[in-house]
Amino acid sequence: MNAKRIFQSTSLKVNIVSNFIGNGWLALLSLLFIPIYLKYIGAEGYGLIGIFSTLQVILSLLDSSLSTTLNKQISTLIVLPNTEQRIRNITKTLSNIYWVVAIVAGIISLILSPILAKYWVQPKNLSVHTITMAFILLSLNLIFQFPLSLYSGGLLGLQRQMALNLIRVIFATLKCFGALGIFIFFSNSVLVFFGWFLFISILQVFTQRFFLWYYLPKAPHKAIFDKQELLALKGFALGMTAISLTSILLMQIDKILLSKLLSLEQFGYYTIACSLGAMVSQMLSPITQSYFPKISNLISLNLQKDLKKVYHQACQLKTVLVMPAMLMLVFFGKELIFIWTKNETTVDNTWLASAIYAIGVGMNALMHIPYLLTIANGWTKFAFYQNIVFLIIMIPLTIFLTIKFGAVGGALSWAILNTSYFFISPILIHKKYLIGEASTWYWKDNILPTIGAAIVITIAKFLIFNKTYSTLVELMLLIITGLIAIIASTFLANQLKKSLILFLRPQKLI
């Protein structure tokens, strides 16, 4: 398959590979540049990024809901005949709504900027004026960040992951290396830094918009804002909005509370710890991005046998990649953070929180494919009610543990919540969809592959890393340990082994 055919391909094989390359590059950039950002703008500057990221997620109530709605609708309709006009009308309709939401969210954020700067954060070095101006720039950035999600959802629904990942890689690289150039040759001002991010966001959103409309199927008429399509989507979109709202609160409540309970400097370290812990989920995004459209296709065509095969294949692939990463951070957090930052103070303030937070991220990641199964079937009530229950538990638990243990307490509450999630929700989901598959999901898809990785990493921890090595040797040993852990995990994932044989062949992977 030549380069042009690969770029135009919508096969699951190509999508998985391109998603791993794209997300892997973004994760690598994050790993490389967080220490650089920390060096030039300090812990307080990075704390501002953490606070605004939390605000951005809270305000983006319709972000993932409309994006997922467009993804699902396109992936469902694209395999059916005579749906070209509907697809274009749905895209136009949701795009218009999205831009309105983005502008409203940006205005709200602008209004909140001076209030947050004066009354919420606890700075030591940065002035209130600087913090206010930084929040204003980030609020403008918010307006252009919102539609990126919608256009990404559309390209994912079209299974044009190759194009999407190429765009993401180009602009992420421009953003990071451009910021580095600004730091070195111009200024290390927080305001200049955020101004550059705003410029890149504007370029990226209009680039993704162009490619989405380019790849949409051609129709005889111009796309219009279609109220009938909007009414047809209302139930699912409202359900996804409710899920988004409660999920946002669950994912961000620790940061909301800790940004008030901790100093800005300590919150900056907590943000770094969470960023590192969240790296575990970088292995998840390529899988969900590739498999959600495929699962939606199979449900639309009512191909249950193929659905089971693809479902377990996705679950095992997720476990094989996510759990070794989680276990590596739990067992070797200190070593990894020191190699990453070369800063003992950062290590002391982040390693335990990042390890505990990674456990929560890992347990949450195991639930993503079952969650996609419910969404692809249009069952939004389950996730909403589940989130409400966990949110009621999460708020007092986070406050109590943070007061008692500081930043580590915030990470601990996240880990406890998601471990509970793992043991409750799959049973209920598999009683409604793919009946009888729950035991297979627990044992073959998750527990057995995790045991393989855990054995390798435990042996390495106590037999190999019981002496001191140079930084380079230690890094190589950690990489080798992680790779062997993935191989051991794959060896115990039977469905995945069979699928990998097909994956390596030139034919499409089902």
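Computed from a prediction, not measured in an experiment: that's the story for all the values here.
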**OP:** Using the side chain to side chain contact (heavy atoms under 4.5 Å, CB included) rule, take L303 and L307 through it: C-alpha gap first, then chi angles, then the decisive distance, then the call.
**Re:** CA-CA 6 Å; L303 299 174; L307 177 61; 5.9 Å; no
**OP:** Evaluate the side chain to side chain contact (heavy atoms under 4.5 Å, CB included) criterion for residues N418 and M367: first the C-alpha distance (whole Å), next the side-chain angles of each, then the deciding distance (0.1 Å), finally the verdict.
**Re:** CA-CA 9 Å; N418 284 288; M367 284 301 307; over 6 Å; no
Original post:
Could you walk me through whether I224 and K92 pass the side chain to side chain contact (heavy atoms under 4.5 Å, CB included) check?
Top reply: CA-CA 6 Å; I224 60 171; K92 175 72 172 178; 5.6 Å; no
Original post:
Would F390 and T246 satisfy side chain to side chain contact (heavy atoms under 4.5 Å, CB included), going step by step from the backbone distance to the final call?
Top reply: CA-CA 9 Å; F390 285 148; T246 51; over 6 Å; no
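Closest approach of I143 and G106 over heavy atoms only: CG1-CA, 3.6 Å. The two residues V322 and G362 come nearest to each other via the heavy atoms CG1-CA, 4.1 Å. Annotation for A273 and S354: closest pair O-CB, 3.4 Å, computed over non-hydrogen atoms. The shortest heavy-atom contact between Y270 and A407 is CE1-O, 3.3 Å. Closest heavy-atom contact between L137 and G195: CD1-N, 3.9 Å. Taking all atoms of both residues into account, the shortest heavy-atom contact from M326 to I359 is SD-CA, 3.7 Å.
A side-chain N or O of S201 and one of N141 form a donor-acceptor pair less than 3.5 Å apart. In summary, the side chains of D254 and Y357 do not present any donor paired with an acceptor at a separation below 3.5 Å, with no hydrogens or angles considered. In this structure, a donor-acceptor pair under 3.5 Å is absent between the side chains of T91 and W213. Side-chain atoms of N89 and Q228 form no donor-acceptor pair, as typed in the model, at a separation below 3.5 Å.
At a threshold of 4.5 Å between non-hydrogen side-chain atoms, the residues L70 and I90 count as touching. Counting heavy atoms from C-beta on, the side chains of I170 and Q204 never come closer than 4.5 Å. By the 4.5 Å heavy-atom criterion applied to side chains, N302 and Q304 are counted as neighbours. Side-chain contact between L258 and T398 is present, with heavy atoms from C-beta onward closer than 4.5 Å. Contact of the P147 side chain with the R209 side chain is not registered, since no non-hydrogen atoms from C-beta on lie closer than 4.5 Å. Using a 4.5 Å heavy-atom cutoff, the side chains of Y421 and L366 are not in contact. In this structure, the side chains of I103 and I107 come closer than 4.5 Å at one or more pairs of heavy atoms. When side chains are defined from C-beta on, I369 counts as touching I287, because their heavy atoms get closer than 4.5 Å.
Here the side chain of S149 pairs no donor or acceptor atom with the backbone of Q145 at under 3.5 angstrom. In terms of modelled atom types and a separation under 3.5 Å, the side chain of N364 and the main chain of G360 share no donor-acceptor contact. In this structure a side-chain-to-backbone donor-acceptor pair under 3.5 Å is missing from S425 to F422.
Below 30°, between 30° and 60°, or above 60°: for F199 and W196 the angle between ring planes is between 30° and 60°, a tilted geometry. Between F144 and W99, the ring planes lie perpendicular to each other; the angle is over 60°, past the 30° to 60° tilted range. Using cut-offs of 30° and 60° on the angle between ring planes, the pair F193 and F197 is tilted.
In this structure, H430 has its ring center closer than 6.0 angstrom to the ring center of Y311. No close placement of the F206 and F210 rings is indicated, their centers lying 6.0 Å or farther apart.
For the pair K432 and F382, the cation-pi criterion (under 6.0 Å, within 45° of the ring axis) is not fulfilled.
Atom NZ of K227 has 12 or fewer neighbouring heavy atoms from other residues, nucleotides or ligands inside a 6.0 Å radius.
H312 NE2 to L434 CG: the interatomic distance, rounded to the nearest 0.5 Å, is 6.5 Å. Rounded to the nearest 0.5 angstrom, L155 CG and L212 CG are separated by 5.0 Å. Considering OG1 of T207 and CZ of F211, their distance stands at 7.5 Å, rounded to 0.5 Å. Separation of atoms CD1 (I375) and NE2 (H368) is listed at 11.5 Å; rounding is to 0.5 Å. The distance from the CG atom of L77 to the CZ atom of R86 is 5.0 Å, given to the nearest 0.5 Å. A distance of 4.0 Å separates CD1 in I78 from CD1 in I87, rounded to the nearest 0.5 Å.
The side chain to side chain donor-acceptor pair (under 3.5 Å) check on T402 picks up nothing, with sequence neighbours excluded.
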